[in-house]
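Just so you know, these numbers come straight off a predicted model, no measurement behind them. The chains referred to below are lettered A, B, ... by the order of the sequence lines, with proteins before strands, and numbering in each begins at 1.
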Number of protein chains: 2
Amino acid sequence: MQRTLSDISYNPEEIAIAAMAKALSHPVRIRILRLLAEQTCCFTGELTELIPMAQSTISQHLKALKEAGLIQGEINPPKVKYCIDREQWGKARTLVGEFFRLNGHAGCC
Amino acid sequence: MQRTLSDISYNPEEIAIAAMAKALSHPVRIRILRLLAEQTCCFTGELTELIPMAQSTISQHLKALKEAGLIQGEINPPKVKYCIDREQWGKARTLVGEFFRLNGHAGCC
DNA sequence: TTAGTTCATCGTAAATATACGATTGATTTG
DNA sequence: CAAATCAATCGTATATTTACGATGAACTAA
């Protein structure tokens, strides 16, 4: 795979949107984000209790979300507090929003 | 894999958003959507000329976008005209827009 | 009919994603 | 210090994605 991907020069926006979308491409990650966003205050591994998945799996998904910049974790021994990274979240919203503002032209198909 | 996925009951919105995001999770699909959206009129396999990838690969990506409902193809022998499915596109925008309206609470982390 | 065009699909190889249990590392508590 | 807790990481099995070339199906043109 990826035999030609490197030959295509994507612009940064295309890459950013795709990376963004990839982070959102699994339902459990959507669930996690919803849970984090809905909490009155920040969250920790209660996720492990709310989501019937192995702790290691949830940790993996959290890592993916963190790497995408959507959430941030604050070590708060002996726990870790996760929450939406509001700044990045806003940027993502803008990015995706602008992309969706594109539209097919009338009279097509 | 998927050993527990079926045990978790995701709600339809979570599934829809994740599916949507998955369709957008590859830069070449973002590129394709942009190309389709920017064309004054609808498109066919000129994509094959604009994107340095095997025709079969592009066809595969088009299929993914079609299955996600984002584009539609109209057979127009001997070619096929693709374009943004504006109705679905609008729905996707709403879905994603609402999701992004979620936000972490102030005072977190 | 025959050849050519266009696109989808098949078969396949390699990369990546996803899940688990087990282990490790950091920190707190006794 | 020892034991307990919490979360990350490791190792691994399986599924999915992604890419390619080759083939096939539908249609046009000669």
Q: For the side chain of L62(A), starting at C-beta, report the closest nucleotide among dT9(C), dC20(D), dA8(D).
A: dA8(D)
Q: May I have the distance from Y10(B) (atom OH) to dT18(C) (atom P), rounded to whole angstrom?
A: 10 Å
Q: Rounded to the nearest 0.5 Å, what's the gap from NE2 on H61(A) to CD1 on I51(A)? Could you check?
A: 8.5 Å
**Q.** Separation of dA17(C) P from L65(A) CG (nearest whole Å)
**A.** 13 Å
Q) Nearest of dT18(D), dA19(C), dC20(D) to any side-chain atom of H26(B)? A) dT18(D)
Q. How close or far is atom C1' of dT5(C) from atom CD of E46(B), stated in whole angstroms?
A. 14 Å
Q. Among dA8(D), dA8(C), dT16(D), which is the nearest nucleotide to the side chain of Y82(B)?
A. dA8(C)
Q) Atom CD of Q55(B) and atom C1' of dG21(D): how far apart are they, to the nearest Å? A) 11 Å
Q.
Whole angstroms only, please: what is the NZ-P distance between K81(B) and dA8(C)?
A. 15 Å
Q) Looking at the side chain of M53(A), which of dC20(C), dC20(D), dC6(D) is the nearest nucleotide? A) dC20(C)
Q. Can a side chain N or O of H61(A) be found less than 4.0 Å away from OP1 or OP2 on dA19(C)?
A. yes
Q. Q60(B) side chain: which of dC7(C), dA19(C), dC20(D) is closest?
A. dC20(D)
Q | Gap separating the CG atom of L70(B) from the CG atom of L62(B), nearest 0.5 angstrom | A | 12.0 Å
Q | Backbone N/O of K22(A) and side chain of S25(A): donor-acceptor pair under 3.5 Å | A | yes
Q. Around atom CD of E13(B), are there more than 12 heavy atoms of other residues, nucleotides or ligands at under 6.0 Å?
A. no
Q: To the nearest Å, give me how far apart NZ (K63(B)) and C1' (dA19(D)) are.
A: 15 Å
Q: Compare the minimum distances between each of dA19(C), dT18(D), dA22(D) and the side chain of T57(A), then state the nucleotide with the smallest one.
A: dA19(C)
Q. Looking at L36(A) and Y82(A), what are the two nearest heavy atoms and their distance?
A. CD2-O, 3.5 Å
Q: Can you tell me the distance, in whole Å, between the CD atom of E49(A) and the C1' atom of dC6(D)?
A: 12 Å
Q | Minimum-distance nucleotide (side-chain atoms of A54(B) versus dG21(D), dT18(D), dA22(C)) | A | dG21(D)
Q) Counting side-chain heavy atoms from C-beta on, which of dC20(D), dC7(C), dC10(D) comes nearest to V80(B)? A) dC7(C)
Q. Of all the nucleotides listed (dA17(C), dC20(C), dG21(D)), which has the minimum atom distance to the side chain of K22(A)?
A. dA17(C)
Q. Hey, which of these two, S56(A) or I75(A), hits DNA chain C nearer its 5' end, going by closest nucleotide?
A. S56(A)
Q: For I58(A) and dA7(D), give me the distance from atom CD1 to atom P, rounded to whole Å.
A: 10 Å
